[in-house]
Amino acid sequence: ALPGAMLDAFMDGLSEAFGKNLLRVKGLVMLAERPQTPVAVHLVQGIRQPLQPLAHWPDGAATTRLVMIAEDIPEAALIAYCSAFMTAAV
């Protein structure tokens, strides 16, 4: 589970690092403050949308998952960003 402040830093960093070329980020995140229910995250061309608390995990699968759609960003760059962030977060 990720603390809310770390999720904010992650999403802000994605936006700063990749800007409008990061067309879409969408997913469900387990927050440390509320691990029983997910929050939906959305980022569209560098603009974050408010977190949306959900009532339950779909299919009972309580795991964080994100989908990223990008243009002119190498997949390796997105993976490196995510890996570096998660390494720093631990």
Side-chain angles (χ1 to χ4, degrees):
L2 197 63
M6 291 182 94
L7 175 59
D8 287 340
F10 176 77
M11 297 296 283
D12 289 344
L14 273 175
S15 183
E16 290 174 19
F18 302 109
K20 291 187 180 209
N21 285 21
L22 187 56
L23 303 177
R24 184 102 161 106
V25 177
K26 181 178 181 177
L28 301 176
V29 176
M30 179 187 289
L31 290 181
E33 296 86 352
R34 46 173 294 150
Q36 303 83 0
T37 57
V39 293
V41 298
H42 301 278
L43 185 142
V44 179
Q45 291 187 320
I47 300 172
R48 286 181 56 188
Q49 303 300 313
L51 296 178
Q52 296 177 317
L54 301 179
H56 56 83
W57 288 93
D59 303 326
T63 59
T64 293
R65 52 205 113 158
L66 294 174
V67 174
M68 298 179 188
I69 301 171
E71 179 175 72
D72 298 325
I73 301 173
E75 179 181 354
L78 291 171
I79 291 170
Y81 175 84
C82 294
S83 296
F85 184 86
M86 293 312 295
T87 299
V90 174

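Applying the side chain to side chain contact (heavy atoms under 4.5 Å, CB included) test to Thr64 and every residue at least two apart in sequence or in another chain returns Val29, Met30. Partners of Gln45 according to the side chain to side chain donor-acceptor pair (under 3.5 Å) rule, which considers only residues two or more places apart in sequence or in another chain, do not exist here.
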Pairs of donor and acceptor atoms involving the side chains of residues 12-28, under 3.5 Å and at least two apart or interchain, shall be tabulated with distances.
residue, atom, partner, partner atom, Å
Asp12, OD1, Arg48, NH1, 2.9
Ser15, OG, Gly46, O, 2.7
Asn21, ND2, Glu71, O, 3.2

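When the side chains of ILVMFWY residues are joined at heavy-atom separations under 4.5 Å, either directly or via intervening members, Met86 and Leu43 end up in a single hydrophobic cluster.
Minimum heavy-atom separation, Phe85 to Met6: CZ-O, 3.2 Å.
Atom CG of Leu78 and atom CD1 of Ile69 lie 11.5 Å apart (nearest 0.5 Å).
With contacts defined as side-chain heavy-atom distances shorter than 4.5 Å, the pair Pro38/Arg65 does not qualify. Considering only heavy atoms from C-beta on, Leu66 comes within 4.5 Å of Phe10 through its side chain.
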Discussion item. The test is side-chain contact (heavy atoms from CB on, under 4.5 Å); show your working for Leu54 and Thr37 and say whether it passes.
Written reply: CA-CA 6 Å; Leu54 301 179; Thr37 57; 5.9 Å; no

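Within the structure, salt bridge (charged side-chain N to carboxylate O under 4.0 Å, His left out) pairs that include any residue of residues 53-63 do not occur (at least two apart or interchain). For residues 33-46, no residue pair satisfies the salt bridge (charged side-chain N to carboxylate O under 4.0 Å, His left out) rule, not counting sequence neighbours.
His42 and Gln52 share a donor-acceptor pair across their side chains, judged by distance under 3.5 Å alone.
No donor-acceptor distance shorter than 3.5 angstrom exists from the side chain of Trp57 to the backbone of Thr63, with no hydrogens or angles considered.
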